[in-house]
Amino acid sequence: MNTALVSSPPSSPSWLRLLWRISPPLVVSAAAMGLLALVCLGGLAVDPRMLLGEPIWIKPLKFCISGALYALGLAALIHPLRGRWVGRIIGWGVSLILVAETVLIAMQAVRGVRSHFNISTAFDAAVFSSMGTMIAALSVLTLVAAIAILRQPATDRLWKQATLWALAMALAGGAVGPLMTAPTPEQRASFADARPETVGAHAVGVPDGGPGLPFLGWSTVGGDLRVPHFWGLHGLQVLPLLALGLMRLQSLTNRQRRRLLRLGGLAYAGIFGLLLQQALRAQPLFAPDVLTFALLTGLVLFTGLAGLRVLRSDAPPSPAR
């Protein structure tokens, strides 16, 4: 069995050089989205147009940043697939999808129209449909990466565990997308009267475009499915960083690191579930009801107590005096 393909954390004096060796397409796509982000910043500076209550260039800027982080994070995680055909397919496929998605969103910003949920014309409907198809393909490629890495032998069990948790959470975050594209009750009621201009929404219980958090735009008066979507997708970066942090704690045993990472993954998934139920019940992120607050309190207490138990039960014996 090829021991060069084991699951282990990438390490190099230059992390960018190492990511380039793993997947040049993912690094190039991240750079392309970085350049497009600069264009979006320029648009914010010179273009005063607004759409749904926010500057029209905010949305493509957010997608550029998120897409670049996704590309670089995935490049680090598919290190075990370096040099294999499946790794090349994942790298090229994800790169093309991310760049195409951000370009389409920027194009719609130039036109002054919504990129998502917009079916007001045949062209806009085709753009929205193509983006949905590409994101579905992105989820398939992420799932393929998880399965391929799962089948690889691991010299570092902690890193492999972090990789699988990260990919699983990215898939969970992507699965929120179809919930956004479903017609709202108000949209379904209007279908019989006129041709709809939009299908689907980010917000729950309130119209899109209402009061929201600065830059992020998440609704402050209703639920918002972008919150769990964001949390799930960026598990791709957070959970590997947690693993790297645990590796630096020399006082921990390998068993403690693995159990703490597993606990961190469960807590991250638990918060994802909390955010999803909160959004579906039309609650603003920072206005939880009693049920949401009780569930969060229980999750925090469980995580804290379980973490203390790991640290105490697996602690190495004290040296004899």
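Remember, it's a predicted structure, so these values are computed and weren't measured experimentally. Numbers here are sequence positions counted from 1.
- Side-chain atoms of T142 and Y70 form a donor-acceptor pair, as typed in the model, at a separation below 3.5 Å.
- Closest approach of A32 to V99, counting heavy atoms only: CB-CG2, 4.5 Å.
- Annotation: side chain of F302 is in contact with side chain of L263 (closest heavy-atom distance under 4.5 Å).
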Using the ring pair (Phe, Tyr, Trp, His ring centres under 6.0 Å) rule, take H234 and Y268 through it: C-alpha gap first, then chi angles, then the decisive distance, then the call.
-> CA-CA 11 Å; H234 290 290; Y268 200 93; 9.8 Å; no

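- The distance from atom NE2 of H79 to atom CD1 of I22, rounded to the nearest 0.5 Å, is 5.0 Å.
- Looking at E101, its side chain never comes within 3.5 Å of a backbone N or O of L98 through a donor-acceptor pair.
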Taking only distance into account, with no hydrogens and no angle test, what donor-acceptor pairs under 3.5 Å do side-chain atoms of residues 239-248 form with protein atoms, sequence neighbours excluded?
none

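- Atom CZ of F215 has more than 12 heavy atoms from other residues, nucleotides or ligands within 6.0 Å.
- Side-chain contact check for S95 versus V28: every heavy-atom pair is 4.5 Å or farther apart.
- Hydrophobic clustering of Ile, Leu, Val, Met, Phe, Trp and Tyr side chains at less than 4.5 Å, counting indirect connections, unites I78 with V86.
- With hydrogens and angles left out, the side-chain atoms of R157 and Q161 include no donor and acceptor closer than 3.5 Å.
- A donor-acceptor pair under 3.5 Å is formed between the side chain of K62 and the backbone N or O of L216.
- Both L291 and V300 are part of a single hydrophobic cluster, where members link through side-chain heavy atoms under 4.5 Å apart.
- In this structure a side-chain-to-backbone donor-acceptor pair under 3.5 Å is missing from R226 to H202.
- Side-chain heavy atoms closer than 4.5 Å link hydrophobic residues (I, L, V, M, F, W, Y) into clusters, and following such links, even through other members, never connects L96 to L141.
- Of all heavy-atom pairs between P178 and G174, the closest is CD-O, 3.7 Å.
- Residue L51 comes nearest to G112 through the heavy atom pair CD1-O, 4.3 Å, listed as atom of the first residue, atom of the second, then distance.
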Give the C-alpha distance, both sets of side-chain angles, the deciding distance and a yes or no for side chain to side chain contact (heavy atoms under 4.5 Å, CB included) between L81 and I90.
-> CA-CA 9 Å; L81 307 179; I90 292 168; 4.0 Å; yes

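- The closest donor-acceptor contact from the side chain of R49 to the backbone of V110 lies under 3.5 Å.
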Applying side chain to side chain contact (heavy atoms under 4.5 Å, CB included), run through K59 and H116 and close with a yes or a no.
-> CA-CA 10 Å; K59 184 165 188 174; H116 288 76; 2.9 Å; yes

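- L275 and L295 fall within a single hydrophobic cluster, where Ile, Leu, Val, Met, Phe, Trp and Tyr side chains are chained together by heavy-atom contacts under 4.5 Å.
- Note that the OG1 atom of T292 and the CD atom of Q278 stand 5.0 Å from one another [nearest 0.5 Å].
- To the nearest 0.5 Å, atoms CD1 (I65) and CG (L36) are separated by 11.0 Å.
- In this structure, the side chain of S129 does not engage the main chain of A125 through any donor-acceptor pair within 3.5 Å.
- Taking the charged nitrogens against the carboxylate oxygens, R114 and D208 do have a contact shorter than 4.0 Å, which makes a salt bridge.
- S115 places no side-chain N or O within donor-acceptor distance of the main-chain N or O of I105, the cut-off being under 3.5 Å.
- What you find for P183 and V199 is that their closest heavy atoms are CG-CG1, 3.8 Å.
- Looking only at atom types and distance, the side chain of Q108 has a donor-acceptor partner in the side chain of R111 under 3.5 Å away.
- With rounding to the nearest 0.5 Å, the separation of CH2 in W57 from CG in D47 is 7.0 Å.
- Checking Q283 against D289 by side-chain atom types alone, a donor-acceptor pair falls below 3.5 Å.
- Proximity of F293 to L274: side-chain heavy atoms (C-beta onward) are nowhere separated by under 4.5 Å.
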Can you check side chain to side chain contact (heavy atoms under 4.5 Å, CB included) on V113 and S120, steps first, answer last?
-> CA-CA 10 Å; V113 299; S120 57; over 6 Å; no

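- By the 4.5 Å heavy-atom criterion applied to side chains, L167 and L74 are counted as neighbours.
- Counting only distance, with no hydrogens or angles, the side chain of E197 and the backbone of N118 share no donor-acceptor pair below 3.5 Å.
- R88 and S23 share no side-chain donor-acceptor pair at under 3.5 Å.
- Residues H229 and G173 share a closest heavy-atom pair of ND1-O, 2.8 Å.
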Could you go step by step and tell me if V127 and M107 meet the side chain to side chain contact (heavy atoms under 4.5 Å, CB included) rule?
-> CA-CA 10 Å; V127 170; M107 178 193 72; 3.9 Å; yes

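- Taking CG of L280 as the reference point, atom CG of D224 lies at 11.0 Å (rounded to 0.5 Å).
- The shortest side-chain heavy-atom distance between L44 and L61 falls under the 4.5 Å cut-off.
- The backbone N or O of Q152 sits less than 3.5 Å from a side-chain atom of K160, completing a donor-acceptor pair.
- Using a 4.5 Å cut-off on side-chain heavy atoms (C-beta onward), V176 and F272 make contact.
- A side-chain donor-acceptor contact under 3.5 Å links R257 to the backbone of L249.
- Remark: the backbone N or O of L26 is paired with a side-chain donor or acceptor of S29 at under 3.5 angstrom.
- Residues L77 and W159 are in side-chain contact: their nearest non-hydrogen atoms beyond the backbone lie under 4.5 Å apart.
- Hydrophobic clustering, with ILVMFWY side chains joined whenever heavy atoms are under 4.5 angstrom apart, keeps L261 apart from L308.
- Between P288 and L296 there is no side-chain heavy-atom pair separated by less than 4.5 Å.
- Put simply, CG on L38 and CE on M33 are 13.0 Å apart, with the number rounded to the nearest 0.5 Å.
- For the pair S313 and R259, the tightest heavy-atom approach, listed with the atom from each and the gap, is OG-NH1, 3.9 Å.
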